[in-house]
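First up is the structure itself, then whatever we jot down about it.
Indexing begins at 1, ligand by ligand and atom by atom, following the structure's order.
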Amino acid sequence: MSGMGHDMAAPPQSAVALPEGEALRDLSRLANEASTPGLFRAKLTAESATMRFAEGLDTPILGYNGTSPGPLIEAVEGDRVEITFANRIPDEASTIHWHGMPVPADQDGNPMDPVATGIDRTYSFDLPEGSAGSYWYHPHPHGKTAEQVYRGLAGAFVVKPKVDPIPAAYGDTVLVFTDLRLAADGTLPGNTMVDLMNGRVGDHVLVNGQKNPALTVPFGTKRRFRLYNATNARFLRLSFDGAPITIIGTDGGLLEAPVAADDILLSPAERLDLIVSFDKPGPVTLYTLDYDRGWMGAGRPADAGLTLLTAHVSQTPAEPVPPLPDMLRPIARLDAPSVSRRFVFTETMAMNANGMEMGFLINGATFDMNRVDTVAKAGEVELWEIVNKADMDHPFHVHGTQFQVVEYERGGKVRKPAYRAWKDTVNVARGETVRLLLRQDRPGPRMYHCHILEHEQLGMMGIVDVQA
Ligand SMILES: [Cu+2]
């Protein structure tokens, strides 16, 4: 990667310090304006807003209803959802994509369905039984997704089951990770060549918009956390120092049974539902570990040693709480695929009028909104093989459904996942092949793409047209 000029140098480390250790704030909630049971009706306005991340500095951002992350949406299985999106982003089209949710194709904020600035459009969909999970929402307009997300547009959408097997005494705390880069004047700098190659990695990983916020818990507390990687491109390998973690759910809801874990990898767009047991007094930190996802050029950011959250576990014992059930819910295995498909990720490097430019391809092609890449049939199980022949990891996401990972293969070695789970995003490490089973139940065009948003923007995306 030598000889590419000054453009390729990493941006200097931000000199702007952010306050740490403030009490973890709850996310604001999107209020349900409907009075009819089973209906969730609200409005989300994307607009220019101002946040104060650092003392004395106003940062112009884009927010949903004025905040970033956007308000937490919480609905219940069986609900009808009607959310009016008001696009008030100056001079830019946008959409809202309901990441991971089982919504009709024409309600899913595809880049083919832009909402122009100044326009309102209502997204309507039903949340079927069994759809409880940790979803999120973000823009998906053509060519502008990466920028609109790093400027602040992303929020969590939790669908609760009618009866939750997780004890209510564990709480349900949503932690949305975003990645902030702040210039000395408080503004958000635009993307550089390095950002376009690797995806934008910022200077500060924030939790619900705060740097290393704090919470205090009595010892013996069991707490449920839903972790969301809403960064453009930051891989988060995480551990809680001195507090055991139990994984209870993934993108698309609960696992069959709880699984103990030492550390976890949350690649861009992935979510995990965890129980953390604070079983001895003292400080506990949620911190990052090293993870090499393949970095192009100089200036690989430090992955390890970032403290994202600090819990102060007090001497006071917690009230006893019920144990976690041994079984959470059944997950029927997807089986007997009627078709197998192969998607090969590659990167290209070419000289053009703008200098050296990278291309990110699926099966040799960059995204074209007017091209259908794959035709599938609604209701049929398919085996998808995602082959990463590139030099970087690429987290693969498909719209409109949840899939099951069958196996990972790298260097001739096959590895099975640690548990059966519903997922909509899976990291495909460089040199790795991931095989997954999926079924699209609703007809219409669906996107599949790398969720490093700069890679998506540069073409690592395709369309599967699901036919009735
Ligand atoms: Cu990628």
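- With no hydrogens or angles considered, no side-chain donor-acceptor pair links Asp251 and Gln402 at under 3.5 Å.
- Side-chain contact of His97 with Asp108: a donor-acceptor pair under 3.5 Å is present, judged by distance alone.
- A donor-acceptor contact closer than 3.5 angstrom links the side chains of Asp393 and Tyr291.
- Cation-pi contact between Arg446 and Tyr448: absent, since separation from the ring centre below 6.0 Å together with deviation from the ring axis within 45° is not met.
- For the Cu ion (ligand 1), the set of protein N/O/S atoms nearer than 2.8 Å consists of His394 ND1, Cys450 SG, His455 ND1, ordered by chain and number.
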(request) Determine, step by step, whether Met447 and His397 satisfy the side-chain contact (heavy atoms from CB on, under 4.5 Å) criterion, reporting the C-alpha distance in whole Å, the side-chain angles of both residues, the deciding distance to 0.1 Å, and the verdict. (result) CA-CA 8 Å; Met447 323 307 293; His397 169 53; over 6 Å; no

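- Pairs engaging residues 83-96 under the salt bridge (Lys or Arg N to Asp or Glu O under 4.0 Å) rule: Arg88-Asp120, Glu92-Lys144, Glu92-Arg151 [sequence neighbours left out].
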